[in-house]
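Data block below; observations after.
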Amino acid sequence: MTKTRTIKVEALTRVEGEGGLYVRLDGERVDDVKLSIYEPPRFFEAFLRGRALEDVPDITARICGICPVAYQMSAVHALEAALGVTISPEIRRLRRLLYCGEWIESHALHMHLLHAPDFYGVDSGIDLASRFPNEVNRGLRLKKHGNELLEVLGGRAIHPINVAVGGFFKAPKKDDLLRLLPDFEWGLEAAIATTRWVATLDFPDFTRAYDMVALQHPDEYAMNEGHVASTSGTSVAVEDYENYYEEFHVEHSTALHSGRTDGHASYHVGPLARINLNREQLFPEAKVLADGIDIDWPCWNPFQSIVARGLELVHAYEEAIAIIRDYKQFSPSRVSYEHRASSGCAATEAPRGLIYHRYEVDDAGLVTFAKIVPPTSQNQQQIEADLRDWLPRVLDGNDDHIACECERLVRCYDPCISCSTHFLKLTLDRGKQA
Amino acid sequence: MNAESKPRTLFAGTGSPHGDDRIGWLIADALDKLVPPDVEVRLASTPSHLLDWLDEFDRLVICDACLPGGPQQAASTDSPRLHRWTWPTLEVSSLRSANSHAFGLPMVLQLADRLGTLPQEVIVFGVEGERFDAFAELSPCVAEAFDLIIETIAAEWSEECNEAVRDRSYPESVYHA
């Protein structure tokens with residue numbers, strides 16, 4: 001006679017946000033997996049309506065304390081699309097530099113303090129620091145570089161305020177950027193060492209047939225522009241995103257899930273998707289590193305996303321150094337525009353994956369509609385699907401062991417579930433003993 | 001920054017723009033012009049920001065929102081909404097920011113201690129909040145208490161603050177809060 005059981009993990013740590021995970025098992029069969037999430041951007045969309053479009057970058061930057069750039073820049077690009085704004089090449093390069101800063105900060109934090117502990121059987125980055133103080137110190141120094149770059153470009157350490165529709169309120173001084181160069185040159189070498197370190201971790205043998213989705217650009221490693229490509233072969237303009245990908249309600253979550261419009265099939269966004277789709281466009285050191293480490297690309301093992309983050313860390317340092325070296329202060333730092341009733345959308349790559357924004361504005365410059373699709377929302381369904389395949393491999397332990405293994409898998413996605421709390425409650429239902 | 005000009009103390013206001021969670025930022029802004037020159041005031045949107053700065057200072061004072069009804073006893077200052085804790089203490093785990101991000105304040109302080117970058121003295125001010133809705137203003141009760149909170153925290157920079165920092169000892173229980 002089989003027995004069913006429900007397992008609850010009350011607090012999933014080392015992820016951003018609040019949610020719950022419920023697992024019901026019928027013997028060795030996974031009967032149900034539900035990842036329920038509180039997703040703050042839903043509130044922000046309503047909050048944006050009626051606001052001046054010029055306020056949107058500042059408001060959206062405050063959606064997340066971890067990745068403000070991706071939120072605000074996606075908004076800026078979408079509004080510029082609505083207004084018909086064409087930015088200068090100098091503004092474009094500076095925006096890529098801003099993304100480099102956020103990727104460096106976010107990837108360094110996640111790799112060292114949130115994800116790496118899983119591979120050493122320790123509970124936290126604090127415990128990892130006892131065993132690997134040099135590596136953790138190195139990671140914190142990298143994280144600091146990212147924040148320092150954001151501060152120079154964004155105007156302050158917390159949510160950047162220098163970003164505007166049309167460009168930047170003020171272009172940074174060359175000397176302020178050049179001052180960062182010695183640290184960034186050290187950081188590049190450190191990022192390479194970090195990536196080599198994580199590439200040697202003991203990864204579970206777990207591969208899946210993912211439909212991985214990321215921006216793709218003909219001339220560069222896509223960060224803030226491109227078309228929406230996938231490893232299944234589709235490639236659509238950002239303007240057609242909602243024809244191919246859609247959000248839908250599920251009963252167990254306050255957050256919308258995302259899936260393909262055709263049957264709501266799950267898909268996977270994030271650094272692993274980006275590396276798989278755009279590896280050839282990595283900067284030289286990152287490309288050589290990707291080719292030299294012991295991973296066969298494309299990679300379908302979510303646990304190896306930590307290596308993908310490492311490669312993007314290296315890329316971000318390389319590109320940041322190149323931009324800083326070539327930088328010349330420019331004017332005007334912002335392109336002017338006229339208000340007009342219109343709509344526009346944009347997609348960029350947040351550290352955690354593709355993020356999509358769409359806005360409608362009226363001829364007074366007020367927002368009449370806002371839609372934000374964050375990466376974690378898009379990954380939710382994929383995480384549940386992964387857990388269904390992962391759970392049968394880890395059922396030989398007690399509930400605590402199973403819960404830990406579920407957390408490990410969820411953390412591969414670096415979910416940014418919300419900014420209100422970091423606890424994710426997990427329920428594992430095994431039913432009554434037979 | 002050379003050794004002679006190195007500020008001794010960092011005052012960090014941590015928070016977000018959401019309701020009473022903004023109190024740390026507001027206090028920091030208000031204190032910026034009140035504190036002596038050897039105190040540097042900075043704003044942080046996540047506790048992990050502190051990790052970027054700690055090695056520059058030998059005293060750290062933090063202000064953050066906290067949830068009422070936590071393990072703390074009655075407010076430990078003249079302000080009924082303001083708590084003052086000397087790290088290490090279990091009560092810091094009740095701070096709002098401790099629950100707001102993957103790397104909360106207790107973890108940041110523990111990690112810095114483990115890595116040897118924690119300033120010699122760490123004081124944490126917790127302001128009991130009531131409202132944390134997206135972009136909400138301060139709740140009336142916190143807004144009413146604002147002046148007294150400022151006054152109480154500003155008193156930190158009195159003669160007693162120049163006394164030698166006390167020796168610290170870290171009970172193991174703190175690390176497992």
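Bear in mind that the values here come from a model prediction, so they are computed numbers and not experimental data. Letters A, B, ... are given to chains in the order of the sequence lines, protein chains preceding strands, and every chain is numbered from 1.
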If I measure from the heavy atoms of chain A, does B:L51 come under 4.5 Å with its side chain, its backbone, both, or neither? side chain
Could you tell me which non-hydrogen atom of A:G125 sits nearest to which non-hydrogen atom of B:L111, and how far apart they are? O-CD1, 3.8 Å
Minimal non-hydrogen separation, B:S48 against A:K143, with atom names: O-NZ, 2.9 Å
Passing option when B:R114 is tested against A:D127, A:V136, A:L128 for side chain to side chain contact (heavy atoms under 4.5 Å, CB included): A:D127
Look only at the side chain of A:K144 and the backbone of B:W53, and say whether a donor-acceptor pair between them is shorter than 3.5 Å. no
Of the backbone (N, CA, C, O) and the side chain (C-beta and beyond), which part of A:I59 lies under 4.5 Å from a heavy atom of chain B, both, or neither? both
Only one of B:L54, B:T117, B:L115 clears side chain to side chain contact (heavy atoms under 4.5 Å, CB included) with A:L140; which? B:L115
Sorted by chain and number, sequence neighbours left out, ring pair (Phe, Tyr, Trp, His ring centres under 6.0 Å) with A:F369 holds for none
What side-chain donor-acceptor pairs closer than 3.5 Å can you find for residues 145-153 of chain A, not counting sequence neighbours?
{"from": "A:H145", "atom 1": "ND1", "to": "A:Y317", "atom 2": "OH", "distance (Å)": "2.8"}
{"from": "A:N147", "atom 1": "ND2", "to": "B:D52", "atom 2": "OD2", "distance (Å)": "2.7"}

Spatial distance of atom CD1 (A:I126) from atom CG (B:D113) [nearest 0.5 Å]: 9.5 Å
Less than 4.5 Å to any heavy atom of chain A: does that hold for the side chain of B:S16, its backbone, both, or neither? neither
